[in-house]
Amino acid sequence: MIYFDNNATTSIDPAVLEVMLPFLKEEYGNPSSAYSFGKRVARALEHAREQVAALVGCEPSEILFTSCGTESDNTALQSALSIDQDRKHIITSKVEHSAIIKHAEALARRGYEVTWLDVDAKGMIDLSQLEAAIRPDTAIVSLMWANNETGVLFPIEEAAEICRKQQTIFHTDAVQAVGKIPINLRATSIQFLSLSGHKLHAPKGVGALYVNRRARFFPFLIGGGQEEKRRGGTENTASIVALGKAAGLAGAHIQEEDRFVRELRDTFEQQALERIPGVTVNGDRERRIPNTTNLSIEGIDSEAILMILDQQGVCCSAGSACTTGALEPSHVLRAMGLSNEQARASLRFSFGRTNTMEEVNRALQILTRAVKKLREMTPGVLAA
Ligand code: PLP
């Protein structure tokens, strides 16, 4: 198998698995317990908190562990809405992950007003549109740091600064950015940041939310006093320890991983452009995370090519999703102005540190053959 879908999820790093196993076996104490068997686990959680804080440049006390990126996103929005209930306006963009979009849509149905910022053809927002959209009753601005489909990086530090000046809470969904680009929250005006373990070689079902120490906060899960009363529920101890280790590894290797993964991505992209006629790259090629390329391949139905690639052992993603039996073109690509047809002809390849150049070369051959085969079956389109 050639796994080029690291934005969907990543493999668990063997060193990460190793540190979490004791917490699934002998170290099963409850971190809230008063005896040392529990306190040992509590100490392991605090170490993990330090490791995650170090990766994003904040204080350990500003890290709150959650069950996933989606929960972190939901928590940030709900906190802002609970803190000041007179503010009923939310600003976000048209290209967010469904963890924000579906939530904002649900809030709109409950009487909140949502401003959806546009993106240009490269997938970039316009900060002057953001500035103009902020109102006295804006509860929160939520913008993703890196787009999961195109990899495009929004100017998040600048957006956060605009919000600070207008005294508006700013949240960023950094699920696809953390571990891929250097982040130093101490130097920014960001109040909330979401991250997720399974995008950085930790297991699925664990995430974190950065809550700036000066930000007012209201919990999403109300229950026991865990996480300094900020999230009720007994902690997922093994996965939190794993997330800490994964954060440590990501931080230690961020530069070399950037170089290595970028070379895989750039080689794949350049070769696809050269070998296959009718290929275009979607999104800003400069301002994006190093591991992602999103390609439109003229005349190709992404669902069809995905099946061929799957048969050949290549995993990647389509720019469309099958919902209720119909192919829905990607909302991200549509917001960038691509036609339904172009969006349905798109594939996302996302690379990771476990990939190799040999896999890139093999996948290119498989992709070139698959495109040729599909085009031969559909007369009138470009021959590969
Ligand atoms: N936000 C972005 C940008 C994502 O890519 C994802 C996952 O694909 C999420 C949020 C949701 O994260 P999780 O799967 O941990 O809930």
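Order of appearance sets the numbers: ligands from 1, and atoms from 1 within every ligand.
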From the options Arg275, Arg262, Arg288, select the one residue that forms a salt bridge (charged side-chain N to carboxylate O under 4.0 Å, His left out) with Glu269. Arg288
Please confirm whether Phe351 and Phe4 have ring centers closer than 6.0 angstrom. yes
Measure the acute angle between the ring planes of Phe37 and Tyr28, then classify it against the limits of 30° and 60° as parallel, tilted or perpendicular. perpendicular
Indicate if Val241 and Leu24 have the same hydrophobic cluster label, given that clusters are the connected sets of ILVMFWY residues with side-chain heavy-atom separations under 4.5 angstrom. no
Counting only heavy atoms and a distance below 4.0 Å, can you name the residues contacting ligand 1? Cys68, Gly69, Thr70, Asp73, His97, Met144, Asn148, Asp173, Val175, Gln176, Ser196, His198, Lys199
Quick one: pull up CD in Glu62 and CG in Asn212 and give me the separation to the nearest 0.5 Å. 5.0 Å
Could you please spell out the steps behind the ring-ring contact (aromatic ring centres under 6.0 Å, His included) verdict for Phe268 and Phe349? CA-CA 9 Å; Phe268 183 85; Phe349 297 89; 4.5 Å; yes
